[in-house]
Amino acid sequence: MAVAHSTVAELREFGAEVGFEVDGDAELGDGWAAVYYADGPAGGGAHLARRTGAPVFTVAYLDSDVGFVEAVTPAGARWTALLNRDTAEDYEIPLDRYPVEPALAGALAWASAAGLSADPEGIRAALTGSETFAEDLADRLLTALGIEIASTMAE
């Protein structure tokens, strides 16, 4: 999934340029949009940020069990996070590669760059929480970053 302050049409077009095979999309409100894809190329979020001129949030899922977040700004600032840390341990994903405090600081800076009002405790809860599906944590994280998640998101 990729989320940006952009239109669905732009995200689809710019995503295709870098190799995203989009299989769904949604208008999230307040000018934010999301596109859904099975696999995305490394660096795809940075490409989208350059093309849209807006901060971009991406998440790749491992069987809906774990989410790998990467968020970038057009200026090149970047942060990463791991969603569903307890489940990630079952996959032997090294948690020390995804420390929570730097992710929280990066998330707050990213939200500020995006002109959003973030909820630090909500971000921390999403970064440390556990859910059956990592997508639920991604939705909680986006909401805590200040992006309204419509209940009609299409996938």
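What you see is a predicted model; the values in this text were computed from it and never measured.
Of the possible donor and acceptor atoms, none in the side chain of D63 sits under 3.5 Å from a partner among the backbone N and O of D65. Formation of a donor-acceptor pair under 3.5 Å by the W79 side chain with backbone atoms of E70 is not found in this model. Remark: the backbone N or O of E10 is not paired with any side-chain donor or acceptor of S6 at under 3.5 angstrom. Formation of a donor-acceptor pair under 3.5 Å by the Y37 side chain with backbone atoms of D23 is not found in this model. Between the H5 side chain and the T52 main chain, no donor and acceptor come within less than 3.5 Å of each other. Side-chain atoms of N84 never come within 3.5 Å of backbone atoms of T87 as a donor-acceptor pair (strictly under, hydrogens ignored).
You'll find the side chain of V22 stays beyond 4.5 Å of the side chain of Y36, heavy atoms only. Looking at heavy atoms from C-beta onward, I93 lies in side-chain contact with L82 at the 4.5 angstrom threshold. Residues E27 and V8 are in side-chain contact: their nearest non-hydrogen atoms beyond the backbone lie under 4.5 Å apart. The closest side-chain heavy-atom distance from W110 to L116 is below 4.5 Å.
With rounding to the nearest 0.5 angstrom, the CZ atom of R85 is 8.5 Å from the OG1 atom of T128. Here the CZ atom belonging to F68 is positioned 9.5 Å from the CG atom belonging to L83, to the nearest 0.5 angstrom. Atom-to-atom distance recorded for L108:CG and L104:CG is 4.5 Å, nearest 0.5 angstrom. With rounding to the nearest 0.5 Å, the separation of CD in E148 from CG in L28 is 9.5 Å. Taking CD1 of I149 as the start and CG of L142 as the end, the distance is 4.5 Å to the nearest 0.5 Å.
When every heavy atom of P74 is checked against every heavy atom of P55, the shortest pair comes out as CD-N, 3.7 Å. Minimum heavy-atom separation, A107 to I123: CB-CG2, 3.9 Å. Scanning all heavy atoms of the two residues, the minimum distance from G45 to V56 falls at O-CB, 3.9 Å. Here the closest non-hydrogen pair linking G67 and A134 is N-CB, 3.6 Å.
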| field | Steps toward side chain to side chain contact (heavy atoms under 4.5 Å, CB included) verdict (F57, V69) | value | CA-CA 7 Å; F57 174 99; V69 173; 3.6 Å; yes

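V59 and L145 fall within a single hydrophobic cluster, where Ile, Leu, Val, Met, Phe, Trp and Tyr side chains are chained together by heavy-atom contacts under 4.5 Å. Hydrophobic clustering, with ILVMFWY side chains joined whenever heavy atoms are under 4.5 angstrom apart, keeps L62 apart from F20. Criterion: ILVMFWY side-chain heavy atoms under 4.5 Å apart, direct or through other members. Under it, V3 and L137 are part of a common hydrophobic cluster. The cluster map of Ile, Leu, Val, Met, Phe, Trp and Tyr, joined by side-chain heavy atoms under 4.5 Å apart, puts W32 and F14 in different clusters.
Side chains of S64 and E135: a donor-acceptor N/O pair is present below 3.5 angstrom, by distance only.
Applying the side chain to side chain contact (heavy atoms under 4.5 Å, CB included) rule to D90 yields no partners; only residues at least two apart in sequence or on another chain are considered.
Under a 4.0 Å N-O distance rule, the pair R140/E131 qualifies as a salt bridge. A salt bridge links E101 with R124: the closest approach of a Lys/Arg side-chain nitrogen to an acidic carboxylate oxygen falls below 4.0 angstrom.
Environment of CZ in F133: sparse, with no more than 12 heavy atoms of neighbouring residues, nucleotides or ligands closer than 6.0 Å.
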